[in-house]
A.B. asks: 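Starting off with a structure, shown below.
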Amino acid sequence: MKILALDIGLKRIGIAICFDKKIVTPLNAIIRQNRNQAARDVGKILKEYNIDTLIVGIPKGGSCEEEMQKRIHHFVSLLNFDKEIIFTDESFSSKEAMGLGIANLKKKDGKLDSLSAYLILKNYYGIV
């Protein structure tokens, strides 16, 4: 079973992959130029790895919760992914990623976003 996690932001999309609910690996983030380009890039990854399940982080709480959820659901609809899609709370995943103490985490290169996707996936399945 291959699972892909997405941490969808307005500028970057963090990505992590999991094989058989055991091994989780962050992938290179997608830098968004526009939503169609980003959806095409995510779609390529879904096909390349033959993903069975998509885990999508949704921020809970905060002043723009409803707006972000709307944007994320719209983006996911652009993927035309017909397998299982699970939306899960991703609140504080970026702060948790920064707290791991990994050097060279810069927001602009997407490494932090993919590490957040990695944590979303690990937390959802309880992988240690």
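Hydrogens, waters and symmetry mates play no part in the numbers below; they use all other heavy atoms, side chains included.
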A.B. asks: Do you know the tightest heavy-atom contact between A5 and L121?
C.D. replies: CB-CB, 3.8 Å

A.B. asks: Is it the case that the side chain of Q37 and the backbone of I31 share a donor-acceptor pair, with hydrogens and angles ignored and the cut-off at 3.5 Å?
C.D. replies: yes

A.B. asks: For E67, what residues pass the side-chain hydrogen bond (donor to acceptor under 3.5 Å, both in side chains) criterion, not counting sequence neighbours?
C.D. replies: R71

A.B. asks: Write down the atom of V24, the atom of C18, and the distance for their closest heavy-atom approach.
C.D. replies: CG2-SG, 3.8 Å

A.B. asks: Please enumerate all residues that pass side-chain hydrogen bond (donor to acceptor under 3.5 Å, both in side chains) together with R35, with sequence neighbours excluded.
C.D. replies: none

A.B. asks: According to side-chain hydrogen bond (donor to acceptor under 3.5 Å, both in side chains), who are the partners of N50, at least two apart in sequence or on a separate chain?
C.D. replies: K83

A.B. asks: When you look at I45 and K47, which way does the side chain to side chain contact (heavy atoms under 4.5 Å, CB included) test go after all the steps?
C.D. replies: CA-CA 5 Å; I45 293 168; K47 287 180 184 171; over 6 Å; no

A.B. asks: Is I15 linked to F75 within one hydrophobic cluster, defined over Ile, Leu, Val, Met, Phe, Trp and Tyr using a side-chain heavy-atom separation of less than 4.5 Å?
C.D. replies: yes

A.B. asks: Taking the side chain from S114 and the backbone from L27, do they hold a donor-acceptor pair closer than 3.5 Å?
C.D. replies: yes

A.B. asks: Treat each ILVMFWY residue as a node, draw an edge where side-chain heavy atoms are under 4.5 Å apart, and state whether I13 and I86 are in one component.
C.D. replies: no

A.B. asks: Do the charged groups of D52 and K2 touch, with an N to O distance under 4.0 Å?
C.D. replies: no

A.B. asks: So among I72, L79, L4, which one has a side chain to side chain contact (heavy atoms under 4.5 Å, CB included) with V56?
C.D. replies: I72

